[in-house]
Amino acid sequence: MYDELKAEECPEETFKRIESANLGTFDCYCIACKRETPFICEEHDTPNRGGGLQKGNALINPPPVFALRSVCQRCLKTYFYVFRYEQGVMTKIGQFPSIADIAFTELRGIEAGLEESDRKELGKALGLYAHGAALGGFAYLRRVFERMIDRAQQRMVDQGRAVEEFSNLKMAEKVAAVADELPSAVVSQKGVFAVLSLGLHELDEEKCRELFPLMKAVIFQMLEEEEHLRKKAKSERETAGALSKVLSSGLKPPIPQQGSTP
């Protein structure tokens, strides 16, 4: 939103297709289908709201604003995009559903098992990115990552396996120390924390905006695996408890008859 795209900065064919609303079919995330689906794009009639000099019934200088309408070919959900095009510069000035709407819909796919603090801060990260403040979004993604490591460390404490001076360790050392309690995605992609930290201290807003989708995808993957492990552990506890209850009631497995297969 609001970034200026100059004609000479993009392929001429791409620029002409946007300008003429001839985008054809493309794949994009649909908030109704909750998946990537094919869309068809066309120009949307925009009534003139003024802004141009008029001579008779004709506008000498009509407002340089136009709109595109995209329709999901699965559920027919309609999306609108509004652009301003003037003196060879195109600027996206509006969208419905908003970028934030789309981002928050992605979050709903994993929020059922999220801790409240994670849910809120992921929402803030997505909202900041949607409004052009990806650097701020990096800060919240990093906080979510840190909490995953702290939860793993707390599980080890509960098991009597506390790591000495855990708080004084560097993040890579923390991940290694509690690796047995972490999703494999966290251990194998622990470098994501270094990138998030780099974004806060060294990268500019443009680079953070470029990297944010990847960082978000990695964090989501980690949280999804963490939730899977939590459900697996809960299921195992419940099964073991139920079996123990049955056995403690005096019920014993049948003794195989001689000559029968056990």
Side-chain angles (χ1 to χ4, degrees), residues 34 100 103-130 133-203 207-245:
K34 297 182 179 179
F104 283 118
T105 301
E106 294 181 78
L107 175 58
R108 292 187 190 108
I110 64 169
E111 69 176 352
L114 289 178
E115 291 192 357
E116 183 64 15
S117 53
D118 286 343
R119 187 192 66 77
K120 286 183 177 180
E121 294 196 348
L122 278 174
K124 289 179 180 178
L126 295 172
L128 285 167
Y129 170 71
L135 198 155
F138 264 47
Y140 286 107
L141 289 182
R142 191 174 80 155
R143 284 168 60 89
V144 172
F145 182 92
E146 289 173 334
R147 267 197 298 275
M148 275 191 280
I149 308 306
D150 290 340
R151 284 195 291 269
Q153 190 264 347
Q154 185 58 51
R155 287 193 292 273
M156 292 190 68
V157 170
D158 295 341
Q159 298 166 14
R161 299 188 294 143
V163 178
E164 293 185 7
E165 299 186 357
F166 181 80
S167 60
N168 296 327
L169 299 177
K170 294 181 179 179
M171 183 53 68
E173 294 171 334
K174 288 182 177 181
V175 171
V178 298
D180 291 345
E181 289 294 324
L182 287 172
S184 61
V186 178
V187 179
S188 64
Q189 303 185 66
K190 59 187 176 183
V192 69
F193 183 81
V195 178
L196 292 172
S197 298
L198 193 66
L200 290 180
H201 301 296
E202 297 185 32
L203 302 183
K207 191 63 177 178
C208 287
R209 187 163 59 246
E210 176 188 334
L211 292 175
F212 185 90
L214 174 60
M215 296 297 102
K216 179 205 71 175
V218 174
I219 294 295
F220 272 35
Q221 179 189 19
M222 292 175 177
L223 289 169
E224 286 170 353
E225 188 176 344
E226 184 183 45
E227 173 63 7
H228 172 74
L229 292 175
R230 186 190 68 79
K231 289 181 177 179
K232 181 174 181 290
K234 180 182 178 183
S235 176
E236 289 174 348
R237 288 195 303 270
E238 291 175 348
T239 301
L243 181 59
S244 177
K245 185 176 181 181

Within a reach of under 6.0 Å around CD of E165, are more than 12 heavy atoms found that belong to other residues, nucleotides or ligands?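 Result for CD/E165: open.
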Please check if atom OH in Y140 has more than 12 non-hydrogen atoms from other residues, nucleotides or ligands closer than 6.0 Å.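 No, the 6.0 Å shell around OH holds no more than 12 heavy atoms from other groups.
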Between [X] and [Y], is there a donor-acceptor pair closer than 3.5 Å when you use the side chain of the first and the backbone of the second?
X: S235; Y: K231; value: no
X: E181; Y: V178; value: no
X: E225; Y: A185; value: yes

Show, in sequence, the C-alpha distance, side-chain angles and deciding distance for E227 and R230, and conclude whether the salt bridge (Lys or Arg N to Asp or Glu O under 4.0 Å) test is met. CA-CA 5 Å; E227 173 63 7; R230 186 190 68 79; 2.8 Å; yes
Check [X] against [Y] and note the closest heavy-atom contact, atom names and distance.
X: K174; Y: F166; value: CE-O, 3.2 Å
X: V186; Y: M148; value: CG2-SD, 4.2 Å
X: G199; Y: L135; value: O-CG, 3.7 Å
X: P183; Y: L229; value: CA-CD1, 3.7 Å
X: G137; Y: L128; value: N-CD1, 3.7 Å
X: A152; Y: L182; value: CB-CD2, 3.4 Å

Within this structure, what is the [atom1]-[atom2] distance for the pair [X] and [Y], rounded to the nearest 0.5 Å?
X: R155; Y: Q153; atom1: CZ; atom2: CD; value: 10.5 Å
X: L198; Y: L211; atom1: CG; atom2: CG; value: 9.0 Å
X: L196; Y: H201; atom1: CG; atom2: NE2; value: 10.5 Å
X: M222; Y: I149; atom1: CE; atom2: CD1; value: 7.5 Å
X: S184; Y: E226; atom1: OG; atom2: CD; value: 12.0 Å

Taking it one step at a time, do L122 and L223 satisfy side chain to side chain contact (heavy atoms under 4.5 Å, CB included)? CA-CA 11 Å; L122 278 174; L223 289 169; 3.4 Å; yes
Is there side-chain contact between D180 and Q159, with at least one heavy-atom pair below 4.5 Å?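 D180 does not reach Q159 side chain to side chain.
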Side chains of V163 and L169 in contact at under 4.5 Å (non-hydrogen atoms):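 The answer is yes; the side chains approach within 4.5 Å.
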Pair [X] + [Y]: basic N to acidic O under 4.0 Å:
X: E116; Y: R119; result: yes
X: K124; Y: E121; result: no
X: E236; Y: K232; result: yes

If you apply the rule side chain to side chain contact (heavy atoms under 4.5 Å, CB included), what do you find for Q221 with V192, and how did you get there? CA-CA 12 Å; Q221 179 189 19; V192 69; over 6 Å; no
Do Q154 and D150 meet the criterion of a side-chain donor-acceptor pair at a distance under 3.5 Å?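 No, because no side-chain N or O of Q154 sits under 3.5 Å from a partner of the opposite role on D150.
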Which label fits Y129 and F212: parallel for a plane angle under 30°, tilted from 30 to 60°, or perpendicular past 60°?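 Correct class here is parallel.
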